[in-house]
*Asks:* 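Take a look at the following structure, please.
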Amino acid sequence: MTTGERRRTDARPRAFEEVLARIEERIAADGLTVGDRLPGERQLAEQLGVGRSSVREALRVLETLGVVASQAGRGPDAGAVLTSRPGDALTDLLRLHLGLATLSMREVIDTRLMIEQWAAARAAAAPAHTATARMAEAIAAMDAARDPAEFVEHDIAFHLALAEAAGNRLIVAVMRALRDALRRYAVDAVVRLGDTGGLQDDHRRIHRAIEDGDAGAAAAAVAEHLARAYPESGPDS
């Protein structure tokens with residue numbers, strides 16, 4: 001076999017990847033949405049002209065990604081149900097990569113910085129009153145927190161509300177995954193700081209800048225906040 005032939009063979013999609021693409025086409029063509037059911041495994045195999053093992057593998061991948069949920073049963077109750085859990089899959093993957101040290105804390109914090117600065121500036125341009133009200137509620141709850149773990153729970157609520165205020169659902173899903181994956185590190189950061197007064201001052205500055213419509217101040221406050229919470233992940237670390 002020549003190098004060119006080997007390259008073409010290696011590049012050929014595996015059977016289950018072809019099935020994934022075909023299932024995606026079916027979802028779009030049939031106008032399926034969250035809560036709808038895919039055909040059963042046997043029916044999908046017949047419709048797509050592939051083996052049931054390829055369908056089974058593709059469905060396992062989709063379930064891992066949070067696109068479908070397995071549904072046991074026969075007849076009309078057979079088939080996977082389309083779901084919407086992108087944050088769950090992202091959280092699991094990020095936690096695994098952090099645990100294996102394939103992602104550094106600096107990379108994760110840099111990603112948070114880019115996302116949250118954009119979200120804060122976007123929210124300041126057109127404040128979402130419901131989301132900013134939740135930010136205020138989270139600040140009050142952090143004031144009343146009895147321990148670092150409880151403080152972090154409300155801190156997560158604050159930052160998710162910040163992402164929601166930007167009005168982009170994908171940003172919210174990514175932020176939820178990042179925050180959930182960083183939960184343990186966030187608790188450690190609060191324990192290390194001891195006094196959460198500085199963090200709360202940052203939260204109030206972010207909230208006030210968004211409500212005042214000051215995009216620059218909101219983005220700057222986010223940068224100062226992350227530098228305070230994770231000083232070891234700064235540019236010189």
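Below, all heavy atoms of this structure are taken into account, side chains as well, without hydrogens, waters or symmetry copies.
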*Asks:* My understanding is that only one of I171, L178, V172 makes a side-chain contact (heavy atoms from CB on, under 4.5 Å) with V174; could you say which?
*Replies:*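 With V174 as partner, I171, L178, V172 yield a single side-chain contact (heavy atoms from CB on, under 4.5 Å), made by L178.
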*Asks:* Salt-bridge test for D155 and R183: reply yes if a basic N is under 4.0 Å from a carboxylate O, no otherwise.
*Replies:*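 Between R183 and D155 there is no salt bridge, as every charged N stays at least 4.0 Å from the carboxylate O atoms.
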*Asks:* Is there a donor-acceptor pair closer than 3.5 Å between any side-chain N or O of S54 and the backbone N or O of V50?
*Replies:*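 No, S54 side chain to V50 backbone: no donor-acceptor pair under 3.5 Å.
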*Asks:* Checking T196 side chain against L199 main chain: does a donor-acceptor pair fall under 3.5 Å?
*Replies:*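 Pair absent, no side-chain N/O of T196 close to backbone of L199.
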*Asks:* Please report the closest heavy-atom contact between A119 and A163, naming both atoms and the distance.
*Replies:*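 Result for this residue pair: CB-CA, 4.3 Å.
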*Asks:* With side chains defined as the heavy atoms from C-beta onward, is the minimum distance between I210 and M135 less than 4.5 Å?
*Replies:*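 Sidechains of M135 and I210: in contact.
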*Asks:* Given side chain to side chain contact (heavy atoms under 4.5 Å, CB included), test F158 with R179 step by step and report yes or no.
*Replies:* CA-CA 11 Å; F158 174 89; R179 293 296 302 178; over 6 Å; no
*Asks:* Give a yes or no answer on whether the side chain of E150 reaches the backbone of R146 with a donor-acceptor pair at less than 3.5 Å.
*Replies:*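 A pair under 3.5 Å: yes.
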*Asks:* Would you say R192's side chain and A229's backbone share a donor-acceptor pair under 3.5 angstrom?
*Replies:*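 Flag set: sc R192 to bb A229 pair under 3.5 Å.
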*Asks:* Would you name the heavy atoms of A219 and A120 that are closest together and state the gap between them?
*Replies:*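 That closest heavy-atom pairing would be N-CB, 4.3 Å.
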*Asks:* Find the distance between CG (L82) and CG (L38) and round it off to the nearest 0.5 Å.
*Replies:*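 L82 atom CG to L38 atom CG measures 4.5 Å (nearest 0.5 Å).
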*Asks:* Looking at R42, I'd like to know if its CZ atom is crowded, meaning that more than 12 non-hydrogen atoms belonging to other residues, nucleotides or ligands lie closer than 6.0 Å.
*Replies:*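 Not buried by this count: 12 neighbours or fewer within 6.0 Å.
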*Asks:* Considering only NZ, NE, NH1 and NH2 on the basic side and carboxylate oxygens on the acidic side, decide whether R134 and E164 come within less than 4.0 Å.
*Replies:*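 Salt bridge: yes.
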*Asks:* Would you say Q117's side chain and M114's backbone share a donor-acceptor pair under 3.5 angstrom?
*Replies:*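 Judged by distance alone, no pair lies under 3.5 Å.
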*Asks:* Does the side chain of R208 come within less than 4.5 Å of R205's, by heavy atoms?
*Replies:*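 A side-chain contact under 4.5 Å exists here.
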*Asks:* Is any side-chain heavy atom of D36 closer than 4.5 Å to one of V81?
*Replies:*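 Of all side-chain heavy-atom pairs linking D36 with V81, none is under 4.5 Å.
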*Asks:* Locate the shortest heavy-atom distance separating R122 from A166; write the atom from each residue and the value.
*Replies:*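 Closest pair (atom of R122, atom of A166, distance): CG-O, 3.5 Å.
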*Asks:* Test side chain to side chain contact (heavy atoms under 4.5 Å, CB included) on L226 and R112 and set out the steps.
*Replies:* CA-CA 9 Å; L226 290 178; R112 273 195 61 189; 3.5 Å; yes
*Asks:* Does the ring centre of H225 sit less than 6.0 Å away from the ring centre of H159?
*Replies:*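 That pair passes the under 6.0 Å test.
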*Asks:* If you take all heavy atoms of V191 and P148, which pair is closest and at what distance?
*Replies:*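 That closest heavy-atom pairing would be CG2-CG, 3.7 Å.
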*Asks:* Start with the C-alpha gap between E224 and R228, add the side-chain angles, then the distance that decides, and say whether side chain to side chain contact (heavy atoms under 4.5 Å, CB included) holds.
*Replies:* CA-CA 6 Å; E224 292 169 8; R228 185 194 308 276; 5.7 Å; no
*Asks:* Would Y185 and V108 satisfy side chain to side chain contact (heavy atoms under 4.5 Å, CB included), going step by step from the backbone distance to the final call?
*Replies:* CA-CA 11 Å; Y185 299 93; V108 176; over 6 Å; no
*Asks:* Where the side chain of D212 meets the backbone of D214, is there a donor-acceptor pair that is under 3.5 Å apart?
*Replies:*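 No: the side chain of D212 does not pair with the backbone of D214.
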